[in-house]
Amino acid sequence: MRIMIQSVNSIPAFDIKQQYATIQAEVSNAVLEVLSSGRYIGGPAVEGFEQKFAAYDGVSECVACNSGTDALYLALRALEIGAGDEVITTPFTFFATTEVISAVGATPVFVDIDATTFNLDVTQIAAAITPKTKAIIPVHLFGLPVDMTALMAIAQSHNLAVIEDSAQATGASWNDQKVGSIGHIGCFSFYPTKNLGGCGDGGAITTNDSDIAAKLRILREHGSKVRYIHEEIGVNSRLDAIQAVILQIKLRYLDIWNQQRQKIAAYYYQSLSQVSGIITPQELLGGVGVWNQYTIRVSSKERNGASSKYRDWVRTQLQEKDVSSMLYYPRPLHLQPVYENLGYQPGQLPVSEQACHEVISLPMFPELTQEQQDKVIYALKDCFR
């Protein structure tokens, strides 16, 4: 018997307008104050956000910048990673993670993922280390933290830097320590759909190393510490004051919004984990996720090798029931055309490749109602009856 729920309108994959509506007056007042101040770049608004975000993340230093991509690029530059160096990371993430490795002249080295968390399989890192390896970039994908205890132990034993890509995981923690504060450098994105999202692009870099922070501040300002005196080649990567005041307001609500995401994720797990053909994501013991996405895997009962077509069929069925979904990610990075020169072959990183055929990200935002969740769940279950 099919259960139909007619009372809920179409459900988007995410809805940032609802969140804005709850803080509209605060945001409007803060933005107008910035506009009337005439201080649009840098100044007390940006400095205030940097201080508050550093305190939130549990670090001594925060350097705001233009985007999460710039945060990763500047982190690599600050560590002087470049041509001839190798950086170990995951093939199952957004392209920016490895784009910046290539941008500084280094080479990405891919390690396969864990099937339940979609994060780096830490047990495979040691085998990928060579004399050229200089750093590891773990990605706390979809808001679930990597096993940082094991990863840091490997990094320390091989004298490697760790840059945490925390773009999707603001507020997540590992063993009661916020992501972005465990490695040598943490990198964050404030793209509007992130857990802490602005009304435009934005990013930040966190560290407990004051020397690294000082270098980051020089690099983001065209390589200049004193105006018109340039010590090295840098970039223009500054967070504007309007984004800074919006992010300061949103930071006050972040833990509440993350708790709502956790409740939604728990309900999805409770409702879907026993459905044959659906594989639900799971947190590792010691990790507290913040669920920027809730990403399941679906598999064909026939196992005929055409799992991506089956996944696409499921997404079509959901859409016909007015349930939106997202696809993160359809092709792993080691098989992207731009990395053909690295010599990776299909089948070399099988877990990542299989995930790309099977993943579906369900609607996930703090304001998602119980009724909407039920519609998502029943629509999905209908595909597996």
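One is the number of the first residue; the rest follow in order along the sequence. Just the heavy atoms: all of them, side chains too, but no hydrogens, waters or symmetry mates, feed the values below. As the structure is a computational prediction, the values presented were derived from the model and not from experiment.
Residues Y20 and V31 are members of one and the same hydrophobic cluster, defined by side-chain heavy-atom contacts under 4.5 angstrom among Ile, Leu, Val, Met, Phe, Trp and Tyr. In the hydrophobic clustering of ILVMFWY residues, with side-chain heavy atoms under 4.5 Å counting as a link, I360 and V376 come out together. L251 and Y253 are not part of a single hydrophobic cluster, where members link through side-chain heavy atoms under 4.5 Å apart. Both Y328 and L362 are assigned to one and the same hydrophobic cluster, defined by single-linkage of ILVMFWY side chains at heavy-atom distances under 4.5 Å. One hydrophobic cluster holds both F95 and F110 under the rule that ILVMFWY side chains link at heavy-atom gaps under 4.5 Å.
Using a 4.0 Å cut-off between a side-chain N of Lys or Arg and a carboxylate O of Asp or Glu, E61 and R217 qualify as a salt bridge. Between R385 and D382 there is a salt bridge, since a side-chain N of the basic residue sits under 4.0 Å from a carboxylate O of the acidic one. Comment: K215 engages E80 in a salt bridge, judged by a side-chain N to carboxylate O separation of less than 4.0 angstrom.
Between the R297 side chain and the E358 main chain, no donor and acceptor come within less than 3.5 Å of each other. No side-chain donor-acceptor contact under 3.5 Å links E26 to the backbone of I23. Using a distance-only test at 3.5 Å, with no hydrogens or angles considered, no donor-acceptor pair links the side chain of T93 to the main chain of T90. Using modelled atom types, one side-chain atom of E164 and one backbone atom of G180 make a donor-acceptor pair closer than 3.5 Å. No donor-acceptor distance shorter than 3.5 angstrom exists from the side chain of Q243 to the backbone of D240, with no hydrogens or angles considered. Side-chain atoms of E353 come within 3.5 Å of backbone atoms of G347 as a donor-acceptor pair (strictly under, hydrogens ignored).
The shortest distance between side-chain heavy atoms of T133 and V109 does not fall below 4.5 Å. Using a 4.5 Å cut-off on side-chain heavy atoms (C-beta onward), F142 and V359 make no contact. Taking the side chain as every heavy atom from C-beta outward, P281 and T116 never approach each other to under 4.5 Å. Residues S324 and Q319 meet the side-chain proximity criterion, which asks for heavy atoms closer than 4.5 Å. Looking at F365 and I264, their side chains never come closer than 4.5 Å, going by heavy atoms from C-beta outward. Annotation: side chain of D121 is not in contact with side chain of I113 (no heavy-atom distance under 4.5 Å). Annotation: side chain of Y267 is in contact with side chain of I377 (closest heavy-atom distance under 4.5 Å). Proximity of F92 to L333: side-chain heavy atoms (C-beta onward) are nowhere separated by under 4.5 Å.
Here E232 pairs with R77 under the salt bridge (charged side-chain N to carboxylate O under 4.0 Å, His left out) rule; sequence neighbours left out. Looking at residues two or more places apart in sequence or on another chain, you find a side-chain hydrogen bond (donor to acceptor under 3.5 Å, both in side chains) between T149 and W174, N175. For D255, the side-chain hydrogen bond (donor to acceptor under 3.5 Å, both in side chains) partners two or more places apart in sequence, or in a different chain, are Y56. In this view, Q168 and Y329 satisfy the side-chain hydrogen bond (donor to acceptor under 3.5 Å, both in side chains) rule, not counting sequence neighbours.
More than 12 heavy atoms of other residues, nucleotides or ligands sit less than 6.0 Å from atom CD of Q370. Residue Y191 places its OH atom among 12 or fewer non-hydrogen atoms of other residues, nucleotides or ligands, all under 6.0 Å distant. Shown here is N236, whose CG atom has more than 12 heavy atoms of other residues, nucleotides or ligands within 6.0 Å. Other residues, nucleotides and ligands place more than 12 heavy atoms under 6.0 Å from the CD atom of Q18.
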**Request:** Decide side-chain contact (heavy atoms from CB on, under 4.5 Å) for L327 and R315; before the verdict, give the C-alpha distance in whole Å, the side-chain angles of both, and the deciding distance to 0.1 Å.
**Result:** CA-CA 9 Å; L327 177 48; R315 292 191 70 209; 3.7 Å; yes
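A donor atom on one side chain and an acceptor atom on the other are not found under 3.5 Å apart for D114 and N119. For the residue pair D112 / S352, a side-chain donor-acceptor distance below 3.5 Å is found, with atom types taken as modelled. For the 3.5 Å distance criterion, the side chains of E86 and T130 qualify, holding a donor opposite an acceptor.
Within the structure, side chain to side chain donor-acceptor pair (under 3.5 Å) pairs that include any residue of residues 36-47 do not occur (at least two apart or interchain).
Other members of the hydrophobic cluster containing V87, listed by chain and number, are V63, L72, Y73, L74, L76, L79, I81, V100, I101, V104, I137, I163, I185, I205, I212, L216, L219, V235; membership follows side-chain contacts under 4.5 Å among ILVMFWY residues, whether direct or relayed.
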